[in-house]
Amino acid sequence: LMTKDLNKQISEGKKAQILLDEPLMKEAISYLKTRYQEEIFNTSYNDHDQRQVLWMAYNMVEKIKGHLESVMNEGKLASKELDQLQNLTK
């Protein structure tokens with residue numbers, strides 16, 4: 001059961017890394033962050049609601065990227081753990 005969970009984490013980690021390394025994904029993340037940042041600075045002084053919405057959107061992009069990075073790192077750790085388990089059984 002433990003190796004099944006580790007293999008799942010490894011697989012998901014590799015998929016997350018593929019997504020993060022994908023040029024189109026990098027471009028999308030960069031584009032959205034720049035776009036939201038520009039829009040925040042272009043809001044009027046009194047437009048607090050619009051700024052808040054844009055701020056949340058900007059941070060959501062970071063959270064998605066951060067989640068993928070976390071899944072990728074968990075997969076790397078699971079791979080090391082699986083290697084250690086396999087070395088113990090040799």
Side-chain angles (χ1 to χ4, degrees):
L1 180 67
M2 187 173 179
T3 57
K4 184 179 178 189
D5 290 343
L6 290 174
N7 282 322
K8 182 176 186 249
Q9 282 183 308
I10 292 166
S11 174
E12 288 177 354
K14 287 178 181 176
K15 289 175 187 171
Q17 181 153 19
I18 288 168
L19 283 173
L20 287 165
D21 290 343
E22 170 60 44
L24 192 58
M25 178 66 94
K26 287 181 179 182
E27 183 183 323
I29 289 169
S30 176
Y31 170 79
L32 288 172
K33 286 178 66 176
T34 301
R35 182 76 191 264
Y36 291 139
Q37 204 171 28
E38 288 171 355
E39 288 184 29
I40 287 168
F41 286 113
N42 287 327
T43 56
S44 68
Y45 174 77
N46 294 326
D47 205 350
H48 177 73
D49 291 343
Q50 182 65 17
R51 247 188 325 280
Q52 193 170 17
V53 168
L54 290 166
W55 182 87
M56 289 187 321
Y58 177 89
N59 282 293
M60 189 57 62
V61 173
E62 258 316 296
K63 285 184 181 187
I64 292 167
K65 183 181 175 206
H67 176 71
L68 289 172
E69 288 169 344
S70 176
V71 170
M72 177 185 70
N73 289 328
E74 286 172 14
K76 288 178 181 177
L77 289 173
S79 181
K80 288 178 185 171
E81 196 174 331
L82 188 60
D83 287 345
Q84 289 172 347
L85 284 173
Q86 288 170 342
N87 287 336
L88 289 174
T89 59
K90 287 182 181 174

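All figures in this text were calculated on a predicted structure; none of them were measured in a lab.
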Are Tyr36 and Tyr31 connected, step by step, through hydrophobic side chains (Ile, Leu, Val, Met, Phe, Trp, Tyr) whose heavy atoms are closer than 4.5 Å? yes
Using the rule salt bridge (charged side-chain N to carboxylate O under 4.0 Å, His left out), only one of Lys8, Lys15, Lys14 pairs with Glu12; which is it? Lys8
Would you mind writing out the side-chain donor-acceptor pairs for residues 61-77 within the sub-3.5 Å range, not counting sequence neighbours?
unit_1 : atom_1 : unit_2 : atom_2 : d
Glu62  : OE2    : Lys33  : NZ     : 2.6
Ser70  : OG     : Glu74  : OE2    : 3.4
Asn73  : ND2    : Glu69  : O      : 3.2

Going from [atom1] on [X] to [atom2] on [Y], what distance comes out if it is rounded to the nearest 0.5 angstrom?
{"X": "Gln86", "Y": "Thr3", "atom1": "CD", "atom2": "OG1", "answer": "8.5 Å"}
{"X": "Gln37", "Y": "Leu32", "atom1": "CD", "atom2": "CG", "answer": "12.0 Å"}
{"X": "Ile10", "Y": "Leu82", "atom1": "CD1", "atom2": "CG", "answer": "4.5 Å"}
{"X": "Lys4", "Y": "Asn7", "atom1": "NZ", "atom2": "CG", "answer": "10.5 Å"}
{"X": "Asp49", "Y": "Thr43", "atom1": "CG", "atom2": "OG1", "answer": "11.0 Å"}
{"X": "Asp83", "Y": "Leu88", "atom1": "CG", "atom2": "CG", "answer": "11.0 Å"}

Taking side chain as C-beta onward, heavy atoms only, is Trp55 less than 4.5 Å from Arg51? no
Okay, side chain of Ser30, backbone of Glu27: is any donor-acceptor separation there less than 3.5 Å? no
What pair of heavy atoms forms the shortest contact from Glu39 to Leu54, and how long is it? OE1-CD2, 3.3 Å
